[in-house]
Amino acid sequence: MKYNFDEVISRYNTDSVKWDHTEKLFGDKDILPMWIADMDFVSPKPVVEALKERAEHGVFGYTSRSNDYFQAFIDWVQRRHKWDIQKRWIRCTPGIMPALSIAIQSFTNEGDKVIIQTPVYTPFMEVIEKNNRDIVLNPLKYENERYEMDYENLEEVVENEDVKMIILCNPHNPAGRVWSKEELTRLGEICLKNNVLVISDEAHFDIVYKGHTHTPFASISEEFADHSITCTAPSKTFNLAGVQMANIIIPNKELRDPFTKIIDIMYLGLSNTFGVTAAENAYKYGEEWLDQFLDYLEGNLTFLTTFIETNLKEIKVIPPEGTYLAWLDCRALGLNAKELEDFFRKNAKVAFDEGYTFGLGGEGFTRVNMACPRHVLEDGLRRVERAVKENLAKNAEEVR
């Protein structure tokens, strides 16, 4: 069937974090929210229909995950990512962030050190600190509007610090990099040599632009598979963040058993009834929707890039290879972190995710969620255009 991604679906009065909490979060109900990473699109029709059917049954008791559920996910990973996984490798958690917390508790002790590659998804820092572990930075290198891993720095920190774990973001949020097999191999070899466990957050693994291919870290070699945990979810792929389902792939039993033990201690073995239904049907029947969404997203990226190059020459788009998030270099506006945040929220009336929140290297940048109808994206960009022009005019008047 043909999906209409231009259709605007009001999300007000649905307890949406993105829309219903705008005034509470930003102090202004007229701000356009383009920050948190969920879509403004209806999920695939087969998922919606399956949820309706399940709701009409009317009995919502304790729910397990069937063989059909696991097979749907296994088939998806093989079909979309050419990785053959086994049912016994899979553990389910209510989201990827809980899985990261479980991994930290399972394989590190308080005071141990965990590497992150900034600028990176803000909750990585929070989950490490809240578990009383220490953050070690391996910042990405930004050159020629492209981010690269700093392997020399990585080797230095793992050799000089007693590092136990690295949280890899693949594809990277917010930089938009889809790490190549060669890049991941080099990182993996360093981590293997120094006995650093790789926790690979692959939440965006299905959101990749033409000309790029996602490589699951653990699919590269048996050694990497035995020394890593891969975190996936249907949330970004099918706009299902609210159903709280994640599939965690752990090929090595010596890692899988301690991870499972924490799940059991926390009584997380069962799943949300609607989460199971949504995820299974998404992986079985959501591919047509996803392919159409990816085409639409490519169009949104082209629109955003062209608009900014034409009307906002003070801002540069860092070309993403994956995710539905645009990372913008706003340093030419000449504003510090707080000024830039205030400029977007108070002058432009848009809420982006400001770069400084992503850690070292994020200052002067901002992250924009492009997973919305195109005219909503245009509205946000035009708000920024007006604010920039008004600011330039004000500065020119002050000079006179």
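Every heavy atom of this structure was used, including side-chain atoms; hydrogens, water molecules and symmetry mates were not.
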K.L.:
May I have the step-by-step check of side chain to side chain contact (heavy atoms under 4.5 Å, CB included) for Thr213 and Val208, ending in yes or no?
P.N.:
CA-CA 7 Å; Thr213 301; Val208 176; 5.9 Å; no
K.L.:
Using the ring centroid of each side chain, check whether Trp35 and Phe344 are separated by less than 6.0 Å.
P.N.:
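No, they do not, as the ring centres are separated by 6.0 Å or more.
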K.L.:
Between Lys18 (side chain only) and Asp38 (backbone N and O only), is there a donor and an acceptor less than 3.5 Å apart?
P.N.:
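Pair found, side chain donor or acceptor close to backbone of Asp38.
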K.L.:
Can any side-chain N or O of Ser200 pair as donor or acceptor with the backbone N or O of Glu202 at less than 3.5 Å?
P.N.:
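No, Ser200 side chain to Glu202 backbone: no donor-acceptor pair under 3.5 Å.
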K.L.:
Between Phe5 and Trp289 (judged by ring centroids, cut-off 6.0 Å), do the two rings come close enough to count as a pair?
P.N.:
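Ring centroids of Phe5 and Trp289 are less than 6.0 Å from each other.
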K.L.:
Tell me if a side-chain donor or acceptor on Tyr285 pairs with a main-chain N or O of Pro44 at a distance below 3.5 Å.
P.N.:
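Answer holds: no.
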K.L.:
Ignoring hydrogens and geometry, is there a side-chain-to-backbone donor-acceptor pair from Arg256 to Pro251 under 3.5 Å?
P.N.:
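Side chain of Arg256 to backbone of Pro251, a donor-acceptor pair under 3.5 Å: yes, one is there.
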K.L.:
Quick one: are the ring centres of His172 and Tyr147 less than 6.0 Å apart?
P.N.:
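Aromatic pair excluded; centres sit 6.0 Å or further apart.
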K.L.:
Identify the heavy atoms of Ile207 and Leu290 that sit nearest to each other, and give their distance.
P.N.:
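For Ile207 and Leu290, the tightest heavy-atom pair comes out as CD1-CD1, 4.2 Å.
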K.L.:
Looking only at heavy atoms, what is the nearest atom pair of Ala175 and Ile318, with distance?
P.N.:
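Residues Ala175 and Ile318, closest heavy atoms: O-CG2, 4.4 Å.
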K.L.:
With sequence neighbours left out, write down each residue that passes ring pair (Phe, Tyr, Trp, His ring centres under 6.0 Å) with Trp76, or none if nothing qualifies.
P.N.:
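Applying ring pair (Phe, Tyr, Trp, His ring centres under 6.0 Å) to Trp76 gives Phe238, Tyr283.
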K.L.:
Counting the benzene-type ring for Trp, do Phe41 and Tyr296 have ring centres under 6.0 Å apart?
P.N.:
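Here the rings of Tyr296 and Phe41 have centres that are less than 6.0 Å from each other.
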K.L.:
Determine yes or no for a side-chain-to-main-chain donor-acceptor pair under 3.5 angstrom, with Asn300 supplying the side chain and Cys372 the backbone.
P.N.:
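Yes, the answer is positive, given that a donor and an acceptor are paired below the 3.5 Å cut-off.
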K.L.:
Has the side chain of Glu298 got a donor or acceptor atom that lies under 3.5 Å from a matching backbone atom of Lys210?
P.N.:
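It does hold such a pair.
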K.L.:
Should we say atom OH of Tyr12 is surrounded by more than 12 heavy atoms from elsewhere, each under 6.0 Å from it?
P.N.:
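Counting other residues, nucleotides and ligands, OH of Tyr12 exceeds 12 neighbours.
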K.L.:
Between Phe73 and Ile250, is there shared hydrophobic-cluster membership here, with clusters defined by ILVMFWY side-chain heavy atoms closer than 4.5 Å?
P.N.:
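Different clusters: Phe73 never reaches Ile250 through Ile, Leu, Val, Met, Phe, Trp or Tyr contacts under 4.5 Å.
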K.L.:
Work out which heavy atom in Leu25 is nearest to a heavy atom in Val17; give both atom names and the distance.
P.N.:
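For Leu25 and Val17, the tightest heavy-atom pair comes out as CD1-O, 4.0 Å.
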K.L.:
Does atom CD of Gln86 have more than 12 heavy-atom neighbours from other groups under 6.0 Å away?
P.N.:
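Atom CD in Gln86 is crowded, with more than 12 foreign heavy atoms closer than 6.0 Å.
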K.L.:
Can a donor-acceptor pair be found, under 3.5 Å and without considering hydrogens, that links the side chain of Thr93 to the backbone of Gly95?
P.N.:
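Yes, because the side chain of Thr93 sits within donor-acceptor range (under 3.5 Å) of the backbone of Gly95.
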K.L.:
Describe, in one word, how the ring planes of Phe358 and Trp327 are oriented to each other, choosing from parallel (under 30°), tilted (30 to 60°) and perpendicular (over 60°).
P.N.:
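Perpendicular.
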K.L.:
Let me confirm one number: the CE-OG distance from Met149 to Ser180, rounded to the nearest 0.5 Å.
P.N.:
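One gets 8.0 Å once the value is rounded to the nearest 0.5 Å.
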K.L.:
Would Met245 and Arg65 count as a side chain to side chain contact (heavy atoms under 4.5 Å, CB included) if you check the C-alpha gap in whole Å, the side-chain angles of each, and the deciding distance to 0.1 Å?
P.N.:
CA-CA 11 Å; Met245 282 288 295; Arg65 296 172 293 274; 4.3 Å; yes
K.L.:
For a salt bridge (charged side-chain N to carboxylate O under 4.0 Å, His left out) with Glu148, tell me which candidate from Arg186, Arg177, Lys141 qualifies.
P.N.:
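By the salt bridge (charged side-chain N to carboxylate O under 4.0 Å, His left out) criterion, Glu148 pairs with just one of Arg186, Arg177, Lys141: Arg177.
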K.L.:
Quick check, are the ring centers of Tyr142 and Phe365 under 6.0 angstrom apart?
P.N.:
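So the answer is yes for these two rings.
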K.L.:
Run the side chain to side chain contact (heavy atoms under 4.5 Å, CB included) test on Phe293 and Asn239 for me, step by step, so that the C-alpha distance in whole Å, both residues' side-chain angles and the decisive distance to 0.1 Å come before the verdict.
P.N.:
CA-CA 11 Å; Phe293 163 68; Asn239 200 24; over 6 Å; no
